[in-house]
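Each remark here refers to the structure printed beneath this line.
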Amino acid sequence: MYTQALDLPDNAAAKAAAPASHEAGPMARFEACIDADGRIEPQDWMPEAYRKTLVRQISQHAHSEIIGMQPEGNWISRAPSLKRKAILIAKVQDEGGHGLYLYSAAETLGTSRDQMLDGLHTGRAKYSSIFNYPTLNWADVGVIGWLVDGAAIMNQIPLCRCSYGPYARAMIRICKEESFHQRQGYEALLTMMQGTPAQRALVQDAVNRWWWPVLAMFGPPDADSLHSGQSMRWGIKRISNDDLRQRFVDATVPQAKVLGVSLPDPDLTWNEERQHHDYGAIDWDEFWSTVNGNGPCNRERLATRVKAHNDGQWVRDAALAHAEKQQRRAMKEAA
Ligand code: BYC
């Protein structure tokens, strides 16, 4: 359904194409590797700005995954059947796992997990705007799968070809899991749409509330996107915010038809000349207000996260004490 190719370039060939170390400085080798579509690995030299951009994007991404556990996690105890509960638990656990792969990928750039979490907990670091919206009814869980995970896959498949190796490799597994998430959401909604008029109304209500925040999730328009130009030159981002948004709209319109819901945009029409759908204006003031901490659930999300972290302190203390004990025992045996 979201079919940008997953083909990966031949890294050995790209590295071989880079000038040998005696011929060129590290910057020239880095640029040659990027130009040849190769992978930069943690031990390779890289410009500080490239490192900083990656830490920013990967840590924001990791924060989004773990904060993203909350809106759906709120429904685990209220899932309508054992089957739906089991699926939802697995999905929310997957999001936690994605956060862990991503923190690990960011750590290879020399920033510790503690530093990254401190940024999140003190409100200095960003996470995706979308997770600051509430999940008001059960259909919201299906709509998050269909639209939020659908948007995430659209954005993340190109990241499987990101120039930084550890991030690209983490994204391959994440995208496979996101694909399951998207399908389970769509299937849950199809089931509700075959139910009672009240169930259909819940789905339509959820679609009406999530549609515009999901479109904003791809980030500001290209003309206002601070980082896109440089990130695309470095092969971190492969497709611009607006192009991904357009691909998402084009992929989602037929899915909405099959589902039997309307999308809440009177300006949504097929443009024969462009061979794409036109769509209405996104409320960027609302987006920036949410990104800057004033969305409907920002304070609640952050407070829940900080509390979970503090409540888990004893687990980290116990794990450290256990590791120290094992190390002492190993040293005693070796002596
Ligand atoms: N929300 O120059 P731009 C998931 C910020 S998790 C908040 O275009 P860039 C899932 C941006 O950070 C989904 N902030 O930036 C989990 C920048 O601010 P800073 C998360 C946003 O980096 C659980 C400023 O706006 N996905 O799928 O080139 C359950 C200017 O933007 C947002 C990722 O993180 C936003 N929506 O492009 C279900 C994917 N958009 O840093 C699902 C990886 C923009 O200068 N990230 N900003 O302070 C990316 O692909 C890119 O970072 C973005 C932004 C497309 C998000």
Side-chain angles (χ1 to χ4, degrees), residues 52-75 88 90-99 101-102 105-106 119-120 123-133 135 140-162 164 167-168 170-171 174-175 177-182 184-185 210 212-234 236-245 248 282 284 286-295 298 301:
K52 218 171 134 194
T53 295
L54 282 166
V55 171
R56 179 185 63 79
Q57 176 165 330
I58 303 173
S59 64
Q60 283 177 3
H61 193 163
H63 300 331
S64 305
E65 298 282 357
I66 63 168
I67 295 278
M69 297 168 79
Q70 293 183 35
E72 291 174 283
N74 286 341
W75 278 90
L88 186 56
K91 178 183 190 297
V92 172
Q93 281 181 340
D94 282 352
E95 309 298 0
H98 298 172
Y101 314 152
L102 290 165
L120 174 63
R124 278 182 285 118
K126 288 193 169 74
Y127 59 86
S128 183
S129 50
I130 197 71
F131 301 116
N132 293 306
Y133 291 87
T135 36
D140 287 45
V141 171
V143 168
I144 289 183
W146 174 37
L147 296 181
V148 176
D149 287 277
I153 299 170
M154 197 55 93
N155 164 278
Q156 293 175 12
I157 293 276
L159 294 174
C160 298
R161 294 185 291 119
C162 165
Y164 188 57
Y167 191 25
M171 290 316 304
I174 290 175
C175 283
E177 292 173 353
E178 296 292 14
S179 179
F180 150 68
H181 296 170
Q182 196 269 353
Q184 67 78 36
W210 286 91
W212 290 105
V214 165
L215 289 195
M217 205 182 143
F218 290 93
D222 292 351
D224 302 327
S225 168
L226 200 64
H227 305 292
S228 280
Q230 183 61 73
S231 287
M232 287 178 76
R233 273 194 295 283
W234 276 330
I236 296 173
K237 273 169 100 156
R238 299 282 179 171
I239 303 177
S240 79
N241 299 357
D242 283 333
D243 286 350
L244 286 170
R245 197 171 1 253
F248 174 77
I282 294 169
W284 292 110
E286 179 189 321
F287 169 76
W288 287 116
S289 160
T290 304
V291 169
N292 291 324
N294 300 311
N298 294 58
R301 298 285 184 249

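Whatever order the structure lists ligands and atoms in, that order sets their numbers, starting from 1. Every heavy atom of this structure was used, including side-chain atoms; hydrogens, water molecules and symmetry mates were not.
The two residues Ala216 and Ile282 have their closest heavy-atom pair at CB-CG2, 4.1 Å.
With salt bridges taken as basic N to acidic carboxylate O contacts below 4.0 Å, none links Asp94 and Lys91.
Side chains of Asp149 and Glu95 form a contact here, defined as non-hydrogen atoms less than 4.5 Å apart. Taking the side chain as every heavy atom from C-beta outward, Ser225 and Ser240 never approach each other to under 4.5 Å.
Taking the six-membered ring where the residue is Trp, His61 and Tyr167 present perpendicular rings, their angle passing 60° and hence far from 30°.
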Which N/O atoms of ligand 1 sit under 3.5 Å from a protein N/O, and at what distances?
unit_1: ligand 1; atom_1: 1 (N); unit_2: Ser129; atom_2: N; d: 2.9
unit_1: ligand 1; atom_1: 1 (N); unit_2: Ser129; atom_2: OG; d: 3.4
unit_1: ligand 1; atom_1: 2 (O); unit_2: Ser225; atom_2: OG; d: 3.1
unit_1: ligand 1; atom_1: 2 (O); unit_2: Leu226; atom_2: N; d: 2.9
unit_1: ligand 1; atom_1: 2 (O); unit_2: His227; atom_2: N; d: 2.8
unit_1: ligand 1; atom_1: 8 (O); unit_2: Ser225; atom_2: OG; d: 2.7
unit_1: ligand 1; atom_1: 8 (O); unit_2: Asn241; atom_2: ND2; d: 2.9
unit_1: ligand 1; atom_1: 12 (O); unit_2: Gln60; atom_2: OE1; d: 2.9
unit_1: ligand 1; atom_1: 12 (O); unit_2: Gln60; atom_2: NE2; d: 3.4
unit_1: ligand 1; atom_1: 18 (O); unit_2: Lys126; atom_2: NZ; d: 3.4
unit_1: ligand 1; atom_1: 22 (O); unit_2: Arg56; atom_2: NH1; d: 3.1
unit_1: ligand 1; atom_1: 22 (O); unit_2: Arg56; atom_2: NH2; d: 3.2
unit_1: ligand 1; atom_1: 27 (O); unit_2: Gln156; atom_2: NE2; d: 3.4
unit_1: ligand 1; atom_1: 28 (O); unit_2: Lys237; atom_2: NZ; d: 2.7
unit_1: ligand 1; atom_1: 36 (N); unit_2: Ser129; atom_2: OG; d: 3.1
unit_1: ligand 1; atom_1: 36 (N); unit_2: Met217; atom_2: O; d: 3.0
unit_1: ligand 1; atom_1: 37 (O); unit_2: Lys237; atom_2: NZ; d: 2.9
unit_1: ligand 1; atom_1: 41 (O); unit_2: Arg56; atom_2: NH1; d: 2.9
unit_1: ligand 1; atom_1: 41 (O); unit_2: Gln60; atom_2: NE2; d: 2.7
unit_1: ligand 1; atom_1: 45 (O); unit_2: His227; atom_2: NE2; d: 2.6
unit_1: ligand 1; atom_1: 48 (O); unit_2: Lys126; atom_2: NZ; d: 2.5
unit_1: ligand 1; atom_1: 50 (O); unit_2: Asn155; atom_2: ND2; d: 3.0

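The ring-ring contact (aromatic ring centres under 6.0 Å, His included) test applied to Phe287 returns Trp284, not counting sequence neighbours.
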